[in-house]
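Working notes, structure below.
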Amino acid sequence: MTITADTITKQALVRIDGVHKYYGQHHVLRGIDMTVRQGEVSVLIGPSGSGKSTLLRCINRLETINAGRIHVRDELIGYRESRGRLHDLTAKQIAAQRREIGMVFQRFNLFAHRTVLQNIMEAPTQVKRQPRAHARSRALELLDRVGLAKHANHYPAQLSGGQQQRVAIARALAMEPELMLFDEPTSALDPELVGEVLAVMKELAESGMTMIVVTHEIGFAREVGDTLTFMDGGVVVESGDPRTIIANPQQARTREFLSKVL
Ligand code: ADP
Ligand code: MG
């Protein structure tokens with residue numbers, strides 16, 4: 001094999017190997033394998049209840065896993081391994097890992113009683129102990145990047161849903177994560193507000209951010225995605241180049257799902 005610049009720069013940032021997850025007796029993730037390379041946009045689709053949110057929450061260690069391994073930049077997420085067994089990390093260690101991973105939810109979860117600027121400065125000043133002046137200028141830069149510089153002193157309730165979601169993205173970016181997880185970031189928005197959020201996500205992708213995006217926006221998957229993974233019933237049914245899969249799905253279940261969302 002010839003080692004090119006591409007093979008060196010595009011290392012796996014996220015490696016998911018044989019992950020299983022149960023809620024009680026309910027076997028929700030049934031052996032998930034997935035790799036996301038540095039700088040890649042990995043789009044995850046699948047019917048409601050197929051385990052997409054659970055998988056994101058496991059990557060972020062908001063959920064524990066029952067078997068398998070999740071690595072982000074060669075670091076085992078949530079556990080330490082000893083003699084082939086997993087042992088929980090401490091809450092402090094888990095919090096440190098989680099800081100490297102930004103997450104944007106369907107609901108924006110902004111602090112209602114704080115301004116847009118205060119929302120973005122909160123974690124950098126409280127968690128990372130950044131000096132306020134530094135956090136403030138960085139927050140203003142991020143607001144500019146998501147097109148909301150003029151709204152720094154507004155409260156979330158004064159913004160549209162699309163604007164609030166863009167603030168939520170800026171807030172996640174303020175922690176300088178190496179990986180961003182998006183869980184149906186546009187599903188709760190009125191249709192006319194979807195585009196502005198997708199445009200911010202596209203710009204972020206073009207800047208080189210590694211992203212895993214759960215979405216039903218097939219146009220986004222086709223245009224911005226580097227890989228498309230279709231999940232159903234807790235397994236990966238099909239994964240590959242988005243354009244190829246959308247134009248020519250190989251599995252009947254993928255075909256059926258795409259025919260409903262396209
Ligand atoms: P998706 O995001 O693809 O719609 P989820 O990951 O939310 O799917 O859910 C997968 C399955 O796990 C569903 O059957 C759901 O009801 C179940 N589930 C999700 N979260 C929990 C939970 N906290 N406790 C019990 N069951 C859950
Ligand atoms: Mg979900």
Side-chain angles (χ1 to χ4, degrees), residues 14-36 41-70 72 77-79 86 88 91 94 98 101-110 161-162 164-165 168-169 172 179-191 193-194 197-198 201 211-221 224-225 227-240 242 245-246 249 251-262:
V14 184
R15 280 187 292 126
I16 301 172
D17 301 300
V19 165
H20 289 259
K21 168 70 183 171
Y22 290 81
Y23 289 114
Q25 299 292 307
H26 190 181
H27 196 175
V28 174
L29 299 179
R30 298 168 169 258
I32 301 284
D33 297 310
M34 198 172 142
T35 301
V36 184
V41 178
S42 177
V43 176
L44 199 53
I45 59 171
S48 177
S50 55
K52 307 178 299 295
S53 295
T54 302
L55 181 61
L56 290 192
R57 293 169 61 81
C58 290
I59 296 170
N60 205 4
R61 195 42 162 86
L62 291 169
E63 295 288 352
T64 57
I65 59 177
N66 300 100
R69 304 282 186 273
I70 299 175
V72 176
I77 294 295
Y79 304 91
L86 297 182
D88 287 328
I94 291 169
R98 209 173 271 152
I101 303 172
M103 185 144 176
V104 176
F105 300 88
Q106 186 173 335
R107 293 266 158 214
F108 336 114
N109 306 317
L110 298 175
Q164 289 185 51
Q165 193 60 302
I169 294 172
L179 170 67
M180 284 284 285
L181 309 176
F182 292 87
D183 194 357
E184 301 200 30
T186 60
S187 299
L189 298 177
D190 291 333
L193 304 178
V194 168
V197 173
L198 293 179
M201 291 168 62
M211 299 164 50
I212 305 179
V213 182
V214 174
T215 185
H216 297 300
E217 296 291 334
I218 299 299
F220 178 87
V224 183
T227 31
L228 180 65
T229 300
F230 173 67
M231 275 178 71
D232 193 11
V235 298
V236 171
V237 174
E238 190 164 352
S239 185
I245 291 183
I246 293 163
Q251 302 294 325
R253 280 194 278 175
T254 318
R255 260 198 303 281
E256 194 198 335
F257 177 79
L258 285 173
S259 73
K260 286 182 196 150
V261 294
L262 277 173

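Just so it is clear, the model here is predicted, and its values are computed rather than measured. Ligands are counted one by one from 1 in listed order, and the atoms in each one are counted from 1 as well.
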Salt bridge (charged side-chain N to carboxylate O under 4.0 Å, His left out), that's the test. Do R69 and D17 meet it? Break it down for me. CA-CA 5 Å; R69 304 282 186 273; D17 301 300; over 6 Å; no
If we only count N/O pairs under 3.5 Å, is V28 in contact with ligand 1? no
For S50, counting its heavy atoms only, list the atoms of ligand 1 lying under 4.0 Å from any of them. 1 (P), 3 (O), 8 (O)
Looking at atom 7 (O) of ligand 1, what's its closest protein heavy atom, distance included? S53 CB, 3.7 Å
In the protein, which heavy atom is nearest to atom 3 (O) of ligand 1, and how far is it? K52 NZ, 2.7 Å
Honestly, is R30 close enough over Y22, meaning NZ or CZ under 6.0 Å from the six-membered ring centre and within 45° of the axis? no
So which of G49, G234, S48 gets nearest to atom 10 (C) of ligand 1, if we judge by its closest heavy atom? G49
Look only at the side chain of Q164 and the backbone of N109, and say whether a donor-acceptor pair between them is shorter than 3.5 Å. no
Residue portion contacting ligand 1 (non-hydrogen atoms closer than 4.0 Å) for R57: neither
Determine whether the side chains of S53 and D183 contain a donor N or O and an acceptor N or O closer than 3.5 Å. yes
Identity and separation of the nearest protein heavy atom to atom 24 (N) of ligand 1: Y23 CD2, 3.5 Å
So, does R61 use its side chain to make a donor-acceptor pair with the main chain of G78 at under 3.5 Å? yes
Polar contact flag, side-chain donor to acceptor under 3.5 angstrom, E238-T254: yes
So which protein heavy atom does atom 16 (O) of ligand 1 come closest to, and at what separation? H26 CE1, 4.6 Å
Paired with T229, the side chain to side chain contact (heavy atoms under 4.5 Å, CB included) test is passed by just one of I212, V214, I32, L44, namely L44
Report whether any nitrogen, oxygen or sulfur of S53 sits less than 2.8 Å from the Mg ion (ligand 2) (N, O or S, backbone or side chain). yes
Working to the nearest 0.5 Å, report the span between CG of L55 and NZ of K21. 11.5 Å
Nearest non-hydrogen protein atom to atom 8 (O) of ligand 1, with distance, is G51 N, 3.2 Å
Please confirm whether P47 approaches ligand 1 to less than 4.0 Å, judged on its heavy atoms. yes
At a non-hydrogen distance cut-off of under 4.0 Å, which region of T54 contacts ligand 1 (side chain, backbone, both, or neither)? both
